[in-house]
Amino acid sequence: MLSEQGFMTLADLAQRFGVSESTLRRDLEVLDEQSVVKRTRGGAVYVKDTSPQPLGFAEREATALAEKAAIARAVAGLVEPEQTLIVNGGTTCFHVARELAGRRLSVVTNSVPIAAVLMGEPQTEVTLLGGYLYPRTGVTVGASAQEMLAGLHADLLVFSCAGVAEGSGYNANQMMVEVEQRMLQTAGRAILAIDHNKIGRKALVRLCDLKDIDIVVTDDGATEDQLAMLRAGGAREVIVAGREMAR
């Protein structure tokens with residue numbers, strides 16, 4: 001059922017199987033240990049891939065966990081109650097979503113895993129963008145996603161990317177970049193959440209200028225040279241998670 005639907009809540013599964021949620025939690029924990037599903041707050045996301053390459057999202061989600069968690073806490077601290085947010089897909093933003101779950105917010109996302117994390121929280125309203133579901137990432141892209149964004153407004157965008165270098169952000173796929181650029185146009189302010197491993201790296205497609213981003217949040221593994229690179233590239237504000245929110 002999870003493989004067909006992508007994600008399900010504990011309540012849905014309990015109703016389908018006629019068992020308690022505590023029983024389901026134990027079963028899902030076993031499947032999580034086997035890397036078949038990813039447990040979320042209130043449910044599970046299907047991540048098992050039968051192709052020779054492992055699922056991109058699940059593989060990346062397991063890397064730089066401490067850094068992503070620190071960044072997520074710092075980003076969540078910048079979000080105010082009642083705000084309308086766009087939260088882009090990706091594993092760093094997935095950690096941000098975990099921190100935001102249950103808060104009184106309106107969240108727009110193109111990520112099925114992020115929507116699954118937030119959908120069980122009654123105080124958090126979720127809008128999932130439609131479009132083509134890109135393989136192994138769990139994000140929607142294409143004309144439908146862009147058209148939905150064109151009719152929306154958000155206070156804040158939280159997003160990540162594959163790399164930052166020479167005053168620009170980069171990502172690995174043209175279709176993803178087109179949606180992310182529309183997100184930047186839709187939101188009043190933008191926060192880039194990026195771990196230190198991506199500073200100084202380029203990817204295939206140029207996404208944006210650093211000067212177009214209001215805040216860059218990275219982790220305390222960033223060197224002084226990397227932080228200087230961000231500031232010299234035009235970042236308006238740089239926050240280092242884990243250094244007492246150093247700016």
Side-chain angles (χ1 to χ4, degrees), residues 60 63-64 67-80 83-97 99-100 108-111 139 141 145-146 149-150 152-247:
R60 296 194 310 275
T63 64
E67 292 90 340
K68 291 173 183 176
I71 291 169
R73 289 190 294 270
V75 170
L78 301 171
V79 178
E80 299 177 4
Q83 280 192 313
T84 298
L85 276 70
I86 300 173
V87 181
N88 189 29
T91 58
T92 302
C93 291
F94 181 78
H95 284 264
V96 173
E99 292 292 328
L100 296 175
V108 177
T109 185
N110 67 332
S111 167
V139 299
V141 294
Q146 293 184 57
L149 284 165
L152 301 176
H153 170 75
D155 301 308
L156 188 64
L157 165 65
V158 177
F159 74 115
S160 191
C161 65
V164 171
E166 299 176 0
S168 298
Y170 293 84
N171 225 335
N173 179 277
Q174 180 68 47
M175 294 179 70
M176 292 180 188
V177 164
E178 289 171 354
V179 173
E180 290 158 354
Q181 288 173 337
R182 177 67 73 174
M183 289 176 170
L184 282 163
Q185 295 169 8
T186 301
R189 301 175 71 238
I191 298 175
L192 174 63
I194 185 169
D195 68 72
H196 72 276
N197 298 300
K198 299 177 180 178
I199 302 173
R201 289 172 48 184
K202 288 184 179 181
L204 180 64
V205 187
R206 186 178 175 279
L207 167 61
C208 63
D209 291 329
L210 279 180
K211 65 183 180 182
D212 297 329
I213 299 168
D214 295 279
I215 303 173
V216 178
V217 181
T218 189
D219 61 271
D220 62 2
T223 66
E224 292 304 321
D225 286 345
Q226 287 178 312
L227 297 176
M229 181 187 301
L230 293 174
R231 297 185 179 105
R236 301 177 191 176
E237 183 176 4
V238 178
I239 294 177
V240 182
R243 295 185 188 174
E244 299 182 353
M245 295 290 285
R247 283 173 165 82

Chemist: Check the pair Val164, Lys198 against side-chain contact (heavy atoms from CB on, under 4.5 Å), reporting the backbone distance first and the verdict last.
Modeler: CA-CA 6 Å; Val164 171; Lys198 299 177 180 178; over 6 Å; no
Chemist: Taking all heavy atoms of Ala190 and all of Leu184, pick out the closest pair and write down the distance.
Modeler: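 Minimum heavy-atom separation between Ala190 and Leu184: CB-CD2, 3.8 Å.
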Chemist: Compare every heavy atom of Asp214 with every heavy atom of Gly188, then report the nearest pair and how far apart it is.
Modeler: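 Looking at all heavy atoms of both residues, the shortest contact is O-OD2, 4.4 Å.
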Chemist: Considering only heavy atoms from C-beta outward, does the side chain of Glu180 approach that of Cys161 to under 4.5 Å?
Modeler: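 A side-chain contact is absent here, since even the closest heavy-atom pair is not under 4.5 Å.
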Chemist: Please check this pair: side chain of Asp219 against backbone of Ala241, looking for a donor-acceptor N/O pair closer than 3.5 Å.
Modeler: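 No; zero donor-acceptor contacts below 3.5 Å.
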Chemist: Counting C-beta onward and ignoring hydrogens, is there a side-chain heavy-atom pair between Leu192 and Phe159 closer than 4.5 Å?
Modeler: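 A side-chain contact exists here, since the closest heavy-atom pair is under 4.5 Å.
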Chemist: Are any non-hydrogen side-chain atoms of Leu85 and Leu100 less than 4.5 angstrom apart?
Modeler: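 Side-chain contact under 4.5 Å: yes.
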Chemist: Does any N or O in the side chain of Gln181 come within less than 3.5 Å of the main-chain N or O of Leu207, such that one atom is a donor and the other an acceptor?
Modeler: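 Pair found, side chain donor or acceptor close to backbone of Leu207.
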Chemist: Out of curiosity, Thr92 OG1 to Ile194 CD1, how far, rounded to the nearest 0.5 Å?
Modeler: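 It comes to 8.0 Å.
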Chemist: Looking at side-chain heavy atoms only, is the closest gap between His196 and Thr223 below 4.5 Å?
Modeler: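 They are not in contact (no side-chain heavy atoms under 4.5 Å apart), so the answer is no.
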Chemist: Of the non-hydrogen atoms in Asn88 and Ser160, which two are nearest, and what is the gap between them?
Modeler: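 Shortest heavy-atom separation between Asn88 and Ser160 comes out as ND2-O, 4.1 Å.
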Chemist: For the atom pair CG (Asp195) and CD1 (Ile71), what is the distance rounded to the nearest 0.5 Å?
Modeler: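 These two atoms lie 5.5 Å from each other.
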Chemist: Below 4.5 Å, heavy atoms only, C-beta onward: do Leu156 and Leu78 meet side chain to side chain?
Modeler: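 Answer no - side chains too far apart.
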Chemist: Measure the spacing between CD of Gln185 and NE2 of His153 and express it to the nearest 0.5 Å.
Modeler: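 Interatomic distance, Gln185 CD to His153 NE2, rounded to 0.5 Å: 13.5 Å.
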Chemist: I need the Gln226 CD to Arg231 CZ distance, nearest 0.5 Å.
Modeler: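 These two atoms lie 12.0 Å from each other.
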Chemist: Hey, are the side chains of Arg189 and Ile215 touching, using non-hydrogen atoms and a 4.5 Å cut-off?
Modeler: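 Yes. Closest side-chain heavy atoms under 4.5 Å.
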Chemist: Quick one: does Ile213's side chain get under 4.5 Å of Arg236's, heavy atoms only?
Modeler: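 They are not in contact (no side-chain heavy atoms under 4.5 Å apart), so the answer is no.
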Chemist: So which heavy atom on Val216 is nearest to which on Ala235, and how close?
Modeler: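 Taking every non-hydrogen atom into account, CG2-CB, 3.9 Å.
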Chemist: When rounded to the nearest 0.5 angstrom, what is the spacing between CG in Asn173 and CD in Glu178?
Modeler: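 Going from the CG atom of Asn173 to the CD atom of Glu178 covers 8.5 Å.
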Chemist: A side-chain contact here means heavy atoms from C-beta on lying under 4.5 Å apart; do Glu99 and Val79 qualify?
Modeler: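 Counting from C-beta outward, Glu99 and Val79 never come under 4.5 Å.
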Chemist: Looking at every heavy atom in both Ala172 and Ala162, which two are closest together, and how far apart are they?
Modeler: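 Looking at all heavy atoms of both residues, the shortest contact is N-CB, 4.3 Å.
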Chemist: Step by step, work out the side-chain contact (heavy atoms from CB on, under 4.5 Å) result for Val240 and Leu227.
Modeler: CA-CA 9 Å; Val240 182; Leu227 297 176; 3.8 Å; yes
Chemist: Taking Thr84's backbone N and O only, do any of them form a donor-acceptor pair with Asp155's side chain (distance below 3.5 Å, no angle check)?
Modeler: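 Yes, because the side chain of Asp155 sits within donor-acceptor range (under 3.5 Å) of the backbone of Thr84.
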Chemist: Quick one: closest heavy-atom pair of Tyr170 and Lys202, and the distance?
Modeler: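 Heavy atoms of Tyr170 and Lys202 come nearest at OH-CE, 3.6 Å.
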Chemist: Working to the nearest 0.5 angstrom, can you tell me the gap between Glu67 CD and His95 NE2?
Modeler: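 Between atom CD of Glu67 and atom NE2 of His95 there are 10.0 Å.
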